[in-house]
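Comments concern the structure below.
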Amino acid sequence: MKNYRGKFLAALTVNFALAAALGYFWWRSRARAAVAEHASSQTALAPAAPAPAAGGAENPAAPSEAETPLAPVQLTPQRMQSIGVKMGTVEAKRVSDEIRVAGNVEVDETKLAYVQVRFPGWIQRVFADSTYQYVRKGQPLFAIYSPDLVTTEQEYLLAKQNRNLVAASSVPGVAAGATSLVSAAAERLKQWEVPAREIAQLETTGEVRHEVEIDSPVSGYITERNALPNLYVQPETRLYTVADLSTVWVYANVFQTDIARLKIGDPATVAVDAYRGQVFHGRVNMIWPQVDMATRTVRVRLVFPNPGLKLTPGMFVNVRLEIPLGRQLVIPASGVFHSGARAIAFVDHGGGYLEPREIGLGARADDEFVVLEGLHAGEQIVTSANFLIDSESQLQAALGSFAPPPPGAGAAAAMNAPSTQASVEFTTVPSPPHKGDNTFRVKLTESNGGPVTGAQVTVTFFMPAMPAMGMAAMRTVLNLSDEGAGIYEGAGKLETGGTWQVSIAAQKNGQTLVSKQLTVIAEGGM
């Protein structure tokens, strides 16, 4: 008997579990079907996008399927002040962009000079005896003894003496030959780059100098020195390297994404931490035709005049490359609201009427953006509180209840503010409403207390999407019937319980009488 009862209870438990599972799957399939039905009804009942306001762009913010739709909004001056709305102007003016990078100062290779002799010899004395010593052009660097040079000097002196002896000779060609020998010896000394003062002293004294002083060909700093006392040198021996730092090169690495904006001759500035407040001005001299594979940058060379020799080789500097963009249409950067893949600007048409408009942006120049399309010079745009206005615009688009203000409305009332033409009272049967069929009633009363008849009244119920629960957004639009005495009534179905956003709009003879938003909580489960 006990075994029979146990088996009976076990079988009963299993049956209850199976029934519960079947009920759950049936309820879930019905819920998905209801969501799909309302998603399709939402698409069918979605209102058309409002026409652009007078003076606006041709295509106001036309959202793609992946973007949140937007609608114009209208705010009272009090509301705009409370949320901190500020305006800016679309301007057409000359602008320039900039690229900021780090750089290093190097020697201008066109200002380098090597000191070498054109004859062999032994260095006797060294006057410039350290690297980074500053020397002036024509300043003696070292003295050298060269047997070849001494021989040439002797030949020069003998040729001069011979020329003087035969100058009065009547034999044809003798005097001319002696003169040519003098010229040949003098020319050899010049080709060996013997300083002019040494040749002048040779002619003045008539004595051979065993040491000849070699001068610096330029003014600058000695960056390399190989001249040492008693060193035997050949013409190929590099004795000094002298760098003229009156101009310097600055090398900077610019990312390949910015290189297309640069061109040779563009202005550039350099700032150095050692000289705060001082700016050096130069220009782009060369752009390397190769991208560094490791850093994805391109090397750029800049040329800078160096008054006072303050820019020294090896110095780290901050480079600012200026890119002239010409005359462009610009707006403040704070006036751009980035919404997904779109850039939105809210255009002020006056009277608190703000239109969202998709715009095309170019380069950013300091605190401004270049506008390629979507705006015109002189238009006013919102430059603060864009996020709050965008939220209001999305809500208006979702509710589908926006009605453009009548011409000449000026500072119109807010969406929820009491209308000067009519007041509205909303009730439901049952109250509060519940999931399923309900009756909705709107009572319109004129400002003098009389009923409003002959109006077109629309009630829109909207519930945002809940992705976590797998629910799409729901919208139900009802057109109420005029029952007389200012009463408008209609039946509708709420597919789920919860919080619904309700928008009530009443129009008569093409004029908006009242537009009101409120929240209704419907009873019943999801």
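Computed over heavy atoms, backbone and side chain alike; hydrogens, waters and symmetry mates excluded.
Within a 6.0 Å sphere centred on CZ of F255, other residues, nucleotides and ligands contribute 12 heavy atoms or fewer.
The two residues G454 and K508 make their nearest non-hydrogen contact at O-CG, 3.9 Å. Taking both residues in full, the closest heavy atoms of D437 and H434 are given as O-CE1, 3.4 Å, listed atom of the first, atom of the second, then distance. Nearest approach of I381 to G335, heavy atoms of both residues: CD1-CA, 4.1 Å. Nearest approach of V107 to A243, heavy atoms of both residues: CG1-CB, 3.8 Å. Considering all non-hydrogen atoms of both residues, K516 and V424 come closest at CD-CG1, 3.3 Å. The shortest heavy-atom contact between G486 and P451 is N-CB, 3.6 Å.
Using modelled atom types, no side-chain atom of Y488 and backbone atom of A506 make a donor-acceptor pair closer than 3.5 Å. A donor-acceptor pair is defined here as one N or O able to donate and one able to accept, closer than 3.5 Å; no such pair exists between the side chain of R441 and the backbone of I487. Between the side chain of T383 and the main chain of K86, a donor-acceptor pair closer than 3.5 Å is present. A distance-only check finds a donor-acceptor pair linking the side chain of D244 to the backbone of S246 [under 3.5 Å]. A donor-acceptor contact shorter than 3.5 Å links the side chain of R357 to the backbone of G374. Without hydrogens or angle criteria, N285 side chain to V303 main chain gives no donor-acceptor distance under 3.5 Å. The backbone N or O of S384 lies less than 3.5 Å from no partner atom in the side chain of S334, so there is not a single donor-acceptor pair.
Of the inter-residue distances, the one linking T519 atom OG1 with Q501 atom CD reads 6.0 Å to the nearest 0.5 angstrom. Atom CZ of R342 is separated from atom CG of L70 by 5.0 Å, given to the nearest 0.5 angstrom. Atom CD of E322 is separated from atom CZ of R100 by 9.5 Å, given to the nearest 0.5 angstrom. Atom CD1 in I389 sits 6.0 Å away from atom CG in L75 (nearest 0.5 Å). Distance check, rounded to the nearest 0.5 Å: CD1 of I259 to CD1 of I287 gives 5.0 Å. One distance of note links OH of Y353 with CG of D348; it measures 11.0 Å at 0.5 Å rounding.
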Going through the distances and angles, do T89 and Q380 end up as a side chain to side chain donor-acceptor pair (under 3.5 Å)?
CA-CA 5 Å; T89 305; Q380 294 289 314; 2.8 Å; yes

Step-by-step side-chain contact (heavy atoms from CB on, under 4.5 Å) determination, R475 to T460:
CA-CA 7 Å; R475 179 188 288 124; T460 302; 3.9 Å; yes

With side-chain contact (heavy atoms from CB on, under 4.5 Å) as the criterion, how do F304 and V250 come out once you've worked through the C-alpha distance, each side chain's angles and the decisive distance to 0.1 Å?
CA-CA 7 Å; F304 284 85; V250 174; 3.7 Å; yes

Take T312 and V105, measure what side-chain contact (heavy atoms from CB on, under 4.5 Å) needs, and give me the verdict at the end.
CA-CA 6 Å; T312 59; V105 179; 6.0 Å; no

Start with the C-alpha gap between E355 and E379, add the side-chain angles, then the distance that decides, and say whether side-chain contact (heavy atoms from CB on, under 4.5 Å) holds.
CA-CA 12 Å; E355 174 202 355; E379 289 186 307; over 6 Å; no

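Under the 30°/60° scheme for interplanar angles, the aromatic rings of Y251 and W288 are found to stand perpendicular. Between F369 and H338, the angle of the ring planes goes over 60°, which puts this pair in the perpendicular group of the 30/60° scheme.
Between V101 and V300, the closest side-chain pair of non-hydrogen atoms is not below 4.5 Å. Looking only at side-chain heavy atoms (C-beta outward), V85 and L388 stay at 4.5 Å or farther from each other. A 4.5 Å side-chain heavy-atom check between T110 and W249 finds at least one atom pair inside the cut-off. Taking the side chain as every heavy atom from C-beta outward, I331 and I359 approach each other to under 4.5 Å. Looking at heavy atoms from C-beta onward, V95 lies in side-chain contact with K93 at the 4.5 angstrom threshold. Counting only heavy atoms from C-beta outward, the side chains of M87 and V382 approach each other to under 4.5 Å. Side chains of I344 and D390 form no contact here, defined as non-hydrogen atoms less than 4.5 Å apart. Using a 4.5 Å heavy-atom threshold, the side chains of N438 and T428 count as separate.
When only modelled atom types and interatomic distance are considered, T247 and N306 share no side-chain donor-acceptor pair under 3.5 Å.
Taking a cutoff of 4.0 Å between a charged side-chain nitrogen and a carboxylate oxygen, R301 and E109 do not qualify as a salt bridge.
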Extract all donor-acceptor atom pairs below 3.5 Å that involve side chains of residues 265-280 and protein atoms in other chains or at least two apart in sequence.
residue	atom	partner	partner atom	Å
D266	OD1	K263	NZ	3.0
D266	OD2	K263	N	3.0
Q278	OE1	K310	NZ	3.1

